[in-house]
Amino acid sequence: MILIILSVSWAIYILMTEMGGQQWEFLLVLALFGVSILLLISDLILKRYVKQWKKVLIIEFIVVFIFFGFYQYQNRPLIFQLPENFSQEYVTVIYNVDSEKKLGINKFTLSKKIQVPENGIILTSSDISENLPRTEFESANGEFYNSNNSQKIFIKLSNSKFEQNGLQYDFRTWRLGEGGLMISMKKDFEEYKTELKTTLEKKASR
């Protein structure tokens with residue numbers, strides 16, 4: 001019942017204060033009301049077939065614990081920490097680069113923070129599949145992008161790959177900016193891919 005009250009209260013709060021006409025906000029409200037209904041039905045069914053309130057409490061606690069644990073696991077964050085006065089438009093992780101460090105992400109990683117270099121390009125020997133479900137960007141002063149109280153935003157571009165010196169590299173890129181809307185042009189991204197290749201050339205020549 002506590003979860004039902006919290007879900008409905010959160011949905012009403014979003015409707016009253018944060019609805020900006022975005023589709024994800026509307027879907028979140030629907031999801032919260034849907035979860036509330038499912039919780040209410042589950043509670044009524046349990047109370048009908050399980051007569052001892054202690055058993056009902058234990059069963060509901062276990063279900064909530066499993067649900068909460070599953071939700072948290074599916075939302076494990078990969079946090080990119082930006083350096084002070086970061087001015088790059090893109091942040092990219094290039095994978096399968098020999099002699100570079102692993103990201104250190106596995107099935108048991110609950111969260112991971114990665115320091116972004118000044119040029120915004122992270123080189124790693126990890127495979128592109130080494131990732132976490134949720135991505136966040138944090139500025140040097142602790143401000144998170146895409147948060148309700150921030151004008152700083154980011155969008156994820158399509159995963160891509162390129163060939164360099166007979167080797168194929170996967171990479172994942174995000175574009176950073178400010179304001180409520182950001183559009184990524186294909187021409188700009190192709191020019192940026194040239195910059196990525198140059199970075200690898202410099203590494204190979206060391």
Side-chain angles (χ1 to χ4, degrees), residues 24 27-28 31 62-150 152-178 182 184 188-190 192-206:
W24 70 267
L27 292 176
L28 179 58
I62 293 173
V63 171
V64 169
F65 180 80
I66 292 174
F67 177 81
F68 181 75
F70 178 78
Y71 175 82
Q72 289 294 102
Y73 188 81
Q74 294 299 318
N75 286 274
R76 294 170 296 154
L78 174 61
I79 304 171
F80 291 101
Q81 292 184 308
L82 304 174
E84 194 170 357
N85 299 320
F86 185 73
S87 59
Q88 300 297 326
E89 188 176 5
Y90 296 97
V91 171
T92 292
V93 180
I94 303 179
Y95 301 87
N96 307 314
V97 182
D98 292 338
S99 303
E100 294 294 336
K101 291 183 179 180
K102 293 279 189 180
L103 294 179
I105 297 174
N106 55 52
K107 293 181 179 179
F108 302 101
T109 303
L110 299 180
S111 67
K112 181 71 178 183
K113 290 188 176 183
I114 296 178
Q115 296 291 334
V116 177
E118 293 290 342
N119 65 358
I121 300 174
I122 302 164
L123 304 178
T124 178
S125 58
S126 294
D127 187 81
I128 193 170
S129 61
E130 191 172 322
N131 194 31
L132 290 176
R134 183 159 54 94
T135 301
E136 296 181 358
F137 283 87
E138 182 183 9
S139 65
N141 61 6
E143 182 181 7
F144 280 90
Y145 284 57
N146 287 4
S147 62
N148 292 331
N149 299 320
S150 175
K152 298 181 183 294
I153 61 175
F154 73 89
I155 58 173
K156 181 183 179 300
L157 306 181
S158 299
N159 298 345
S160 189
K161 59 182 63 180
F162 62 83
E163 190 172 317
Q164 181 89 338
N165 298 326
L167 299 174
Q168 187 164 281
Y169 299 94
D170 293 303
F171 68 95
R172 185 178 278 122
T173 299
W174 298 264
R175 186 178 179 188
L176 280 59
E178 292 192 21
M182 185 165 51
S184 182
D188 296 337
F189 187 57
E190 290 300 321
Y192 177 66
K193 286 175 69 173
T194 302
E195 181 182 339
L196 297 179
K197 293 180 180 181
T198 302
T199 301
L200 284 177
E201 285 285 357
K202 290 180 179 178
K203 175 190 177 298
S205 63
R206 292 176 195 167

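Values below: all heavy atoms of this structure, side chains included; hydrogens, waters and symmetry mates excluded. Counting from 1, the numbers follow the sequence of the chain as shown. Just so it is clear, the model here is predicted, and its values are computed rather than measured.
Atom OH of Y73 has more than 12 neighbouring heavy atoms from other residues, nucleotides or ligands inside a 6.0 Å radius. The number of heavy atoms from other shown groups lying within 6.0 Å of CD (E84) does not exceed 12.
Expressed to the nearest 0.5 Å, how far CG of L176 lies from NZ of K152 amounts to 8.5 Å. Note that OG of S111 and CD1 of I105 are 10.0 Å apart. Values are rounded to the nearest 0.5 Å. How far CG of L103 is from CD of E130: 5.0 Å, rounded to the nearest 0.5 Å. Rounded to the nearest 0.5 angstrom, N96 CG and S125 OG are separated by 8.5 Å. The line from CG of L78 to CG of N131 is 6.0 Å long, rounded to the nearest 0.5 Å. Between F171 atom CZ and S160 atom OG the span is 4.0 Å, to the nearest 0.5 Å.
In this structure, K156 and R172 have side chains that are in contact, with non-hydrogen atoms separated by less than 4.5 Å. For the pair I122/E100, no side-chain contact is recorded, criterion being any heavy-atom separation below 4.5 Å from C-beta on.
Annotation for P83 and P117: closest pair CG-O, 4.1 Å, computed over non-hydrogen atoms. Minimum interatomic distance between P133 and R76 (heavy atoms only, all atoms of both residues): CD-O, 3.4 Å. Counting all heavy atoms, side chain and backbone alike, N106 lies closest to T109 at N-OG1, 2.9 Å. Contact record, V116 with F80: CG2-CB, 3.7 Å, taken as the closest heavy-atom pair. Closest approach of E138 to I79, counting heavy atoms only: OE1-CG2, 3.9 Å. Here the closest heavy-atom approach between residue I153 and residue E178 is recorded as CG1-N, 4.3 Å.
Judged by distance alone, with hydrogens and angles left aside, the side-chain atoms of Y95 form no donor-acceptor pair with the main-chain N or O of S129 at under 3.5 Å. For Q164 (side chain) and K197 (main-chain N/O), a donor-acceptor pair under 3.5 Å exists by modelled atom type. Checked by atom type and distance alone, the side chain of D170 never pairs as donor or acceptor with a backbone atom of D127 at under 3.5 Å. Here the side chain of T124 pairs a donor or acceptor atom with the backbone of K101 at under 3.5 angstrom. At distances below 3.5 Å, not a single donor-acceptor pair connects side-chain atoms of K193 with backbone N or O atoms of F162. The backbone N or O of K102 lies less than 3.5 Å from no partner atom in the side chain of S126, so there is not a single donor-acceptor pair. Counting only distance, with no hydrogens or angles, the side chain of R175 and the backbone of L157 share no donor-acceptor pair below 3.5 Å.
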Step by step, work out the side-chain contact (heavy atoms from CB on, under 4.5 Å) result for L200 and L123. CA-CA 9 Å; L200 284 177; L123 304 178; 4.0 Å; yes
side-chain contact (heavy atoms from CB on, under 4.5 Å) between I66 and V63, intermediate numbers included: CA-CA 5 Å; I66 292 174; V63 171; 5.9 Å; no
Output, in order, the C-alpha distance, side-chain angles, deciding distance and verdict of side-chain contact (heavy atoms from CB on, under 4.5 Å) for F137 and T135. CA-CA 7 Å; F137 283 87; T135 301; 4.0 Å; yes
Would F86 and Q81 satisfy side-chain contact (heavy atoms from CB on, under 4.5 Å), going step by step from the backbone distance to the final call? CA-CA 10 Å; F86 185 73; Q81 292 184 308; over 6 Å; no
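Residues Y192 and T92 have side chains that bring a donor and an acceptor to within less than 3.5 angstrom of each other.
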